[in-house]
Structure formats: structure tokens, C-alpha cells
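Along the sequence shown, residues are numbered consecutively beginning with 1. Computed from a prediction, not measured in an experiment: that's the story for all the values here.
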Amino acid sequence: MKRIILPALCLWAVLGIFSKHGAAQEPDTPAPGTSQRRAVLDAVREALKAFPQRHNPGFQYLREDVRVFSDKPIRFFVDWMKIKGSWAWVEVHGENYRLRLCGLLQKDKGAWQVAALVRPDAVVCAEGPELCLDLRHWLHVAMQRTFPQAPFNIFPQDDSECRAVLRAFAFNQKGPDFSFIFLVTYFRTGNNWAWIETEPRSTDGLGVSEPVDALLEKVQGKWVVREFRPCCGDCADNPDCADDTRYYQMLKQKYPLAPADIFTKRASH
């Protein structure tokens, strides 16, 4: 009897170990305040001091203000962070410094080291407006091409719906000598409605336009812009626009079929 039971127990033990190992290999997002999260962000802050002279694997910048000079530690809001094994991909924006930054890190001898930093608001995208239309997606593809050993699923998944939304209003944002691409800072869909927030810019990074935020509805398979949010002074001078909660409430009253949760945003340190 023992000869039959023991192998069965061993088999279950092996399967249990395999199951735990497989689960551990899924990408993880460390919670705010955890040592893992702090270690990743601290490594990014340290590498930023030498950027773009270092930690820049072939990306080009034409702007002269790419290097960051700050006499105080930059506090980050985390827009995306995924860790798998010894690799991490993070996307942040500054709380006390106007900055957007993406970073690929690898853990070496127990410490996180930055393999690459990119400033998506300034990097040159020379592959044309169509491939660069969704700048974040282009950046993810370019980074995986440069570092094929990095796990693919630490990067945000490709969202073809996002690019369809961008095409829906990209033409209206083009000037005669200015081909816009879009840095998407927020995007969410639900029940054929979408809310998107973008920072339009030129492919060479030298031209920057006002932010474009929009509510869209999918009608007969095509995205149609229902509302552009006023920008800058036009929004700041209007309390119903300047306050996110009041503005979203106005949209929900005006477009009751739009799901309320597409406007929800979460940012954390």
C-alpha cells in the first residue's frame, strides 16, 4: 500500500510546487508603500540623474530640455508598474515636476538596475504618423524589439480600440504643417462609450499642442466624438470644467447612457 500512496503524494507535491511557481511568474504590481515598489521608483530617480547621456538605448531627442534638473527628489505618480521575475516596466508622471517617464529595469544581485529610460513626451518617433499615432503602443513595441529577453506581459496589452478612437479625431487635430501623434494618458471604454485623455505632439517631439480630452460613442461600428473638454484657460475659468468631479457629473447628465466608471481615474505613488 505504501508503494502506491507515496508516489501519489509526491505527484501532488510536485504539481503543487509547479502551480505555485506558475502563479508566481504572473506579472505583479507591488502595492503602494511596499519595499519592492519603493526600490523600483528609487532606481528610476537615481538613473534619471544621468539621463539621457546614459540609460538611453538608441532613442533620439531633438529637444534641449530633455535632461531633468531638480534640487529636490521627484515624487512620482505611478500610471503602470508590472514586475515579472527579474524584469520590471514602469510608467510614471511627476507630482512636483512636469515630467512623464517610462523605464525598463532588471534586477541584478538583488538590486534593481535601470536598463532603459524614455521620455514619451519628447522622444522622436521617426516611423511615420500612422505607426506612431498611439505613441505608448509604439514605445512598447520598440522597447520589446530592443530587449526581446524582457517578458512581453509586463508591458500594457495592445489596444486596437484605442487607436480606432485616436483615428476618429486625429484629423481634426492636424494643422497644415503639423502631423500629430498622441501620448494617451488615460483611456477607458464601456458599453460602446469611451473617455480618452491625450497630449498631442509632433513626431519629432518639437511641437506640442494643448491636451485633448474627449468623450466618444461607437455608432454602427465607428467612433464618433460627442464632446471635447475645453482646455487650458477656457476650462480653468469655468468651475464646472476645472473640477473633474463636476465636469464628469455634467457629462453623465448630458449623456446618461455613458457608463460612469469610464471616467474613474486612479493614481498612486
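Cluster annotation: V68 is connected to F76 through the hydrophobic network of ILVMFWY side chains, with a link wherever side-chain heavy atoms come within less than 4.5 Å. Under the 4.5 Å side-chain heavy-atom criterion for grouping Ile, Leu, Val, Met, Phe, Trp and Tyr, F155 is not connected to V141 through any hydrophobic cluster. Hydrophobic clustering keeps L101 apart from F69 (ILVMFWY residues linked when any side-chain heavy atoms are closer than 4.5 Å, directly or through intermediates). Each of F187 and V224 belongs to its own hydrophobic cluster when Ile, Leu, Val, Met, Phe, Trp and Tyr are linked at side-chain heavy-atom distances under 4.5 angstrom. Neither V165 nor V219 shares a network with the other; the hydrophobic side chains, linked directly or stepwise wherever heavy atoms of I, L, V, M, F, W or Y lie under 4.5 Å apart, form separate groups for each.
Shortest non-hydrogen contact noted between N56 and P52 is CB-O, 3.3 Å. Closest approach of P73 and N96 over heavy atoms only: O-ND2, 3.1 Å. Between C235 and P230 the shortest heavy-atom distance is CB-O, 3.3 Å. When all heavy atoms are compared, the tightest approach of C132 to I181 is O-CB, 3.2 Å. Closest heavy-atom contact between A214 and V225: CB-CG1, 4.5 Å. In terms of heavy-atom proximity, R201 sits nearest to V123 at NH2-O, 2.6 Å.
Side-chain contact of E161 with W223: a donor-acceptor pair under 3.5 Å is present, judged by distance alone.
Geometrically, R229 engages Y247 in a cation-pi contact defined by less than 6.0 Å to the ring centre and at most 45° from the axis.
Looking at R167, its side chain never comes within 3.5 Å of a backbone N or O of E130 through a donor-acceptor pair. A donor-acceptor pair under 3.5 Å is formed between the side chain of T29 and the backbone N or O of M81.
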Exercise. Determine, stepwise, if the pair E217 / Y255 fulfils side chain to side chain contact (heavy atoms under 4.5 Å, CB included).
Key: CA-CA 10 Å; E217 182 184 10; Y255 305 97; over 6 Å; no

Exercise. Verify side chain to side chain contact (heavy atoms under 4.5 Å, CB included) between R246 and N238, making sure each step is shown before the conclusion.
Key: CA-CA 11 Å; R246 292 171 63 172; N238 181 354; over 6 Å; no

Quiz item: Could you walk me through whether W195 and L251 pass the side chain to side chain contact (heavy atoms under 4.5 Å, CB included) check?
Solution: CA-CA 11 Å; W195 176 254; L251 287 180; 3.7 Å; yes

Quiz item: side chain to side chain contact (heavy atoms under 4.5 Å, CB included) between V118 and Y61: does it pass, once the steps are laid out?
Solution: CA-CA 10 Å; V118 183; Y61 298 89; 3.6 Å; yes

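The closest side-chain heavy-atom distance from V184 to C162 is below 4.5 Å. Between I196 and L166 there is a side-chain heavy-atom pair separated by less than 4.5 Å. At least one side-chain heavy atom of F77 sits less than 4.5 Å from a side-chain heavy atom of H93. Residues W112 and I83 have side chains in contact (heavy-atom distance under 4.5 Å, counting atoms from C-beta outward). The side-chain heavy atoms of R67 and R119, taken from C-beta on, include no pair separated by under 4.5 Å. Within the 4.5 Å cutoff, the side chain of D28 has no heavy atoms near those of the Q36 side chain. Between V78 and R37 there is a side-chain heavy-atom pair separated by less than 4.5 Å. When side chains are defined from C-beta on, L104 does not count as touching Q144, because their heavy atoms never get closer than 4.5 Å.
Distance CZ/R75 to OG/S70: 9.5 Å, rounded to 0.5 Å. Interatomic distance, F228 CZ to L215 CG, rounded to the nearest 0.5 Å: 10.5 Å. Atom CG of residue L133 and atom OG1 of residue T203 lie 11.5 Å apart, to the nearest 0.5 angstrom. To the nearest 0.5 angstrom, T198 atom OG1 is 8.0 Å from L183 atom CG. Rounding to the nearest 0.5 Å gives a distance of 12.0 Å between OG1 of T185 and CG of L135. Atom NE2 in H137 sits 10.0 Å away from atom CG in D159 (nearest 0.5 Å).
Under the 30°/60° scheme for interplanar angles, the aromatic rings of H140 and W89 are found to stand perpendicular.
Surrounding CD of E64 are at most 12 heavy atoms belonging to other residues, nucleotides or ligands under 6.0 Å away. Annotation for F152: atom CZ does not count as buried by contact number, only 12 or fewer foreign heavy atoms lying within 6.0 Å. More than 12 non-hydrogen atoms from other residues, nucleotides or ligands lie less than 6.0 angstrom from CD of Q149. No more than 12 heavy atoms of other residues, nucleotides or ligands lie within 6.0 Å of CG in N191, so this atom counts as exposed by the packing criterion.
Shown are K82, R100, R136; of these, the salt bridge (Lys or Arg N to Asp or Glu O under 4.0 Å) with E91 is made only by R136.
Taking a cutoff of 4.0 Å between a charged side-chain nitrogen and a carboxylate oxygen, R98 and E199 do not qualify as a salt bridge.
Between F59 and F51, the distance separating the two ring centers is not shorter than 6.0 angstrom.
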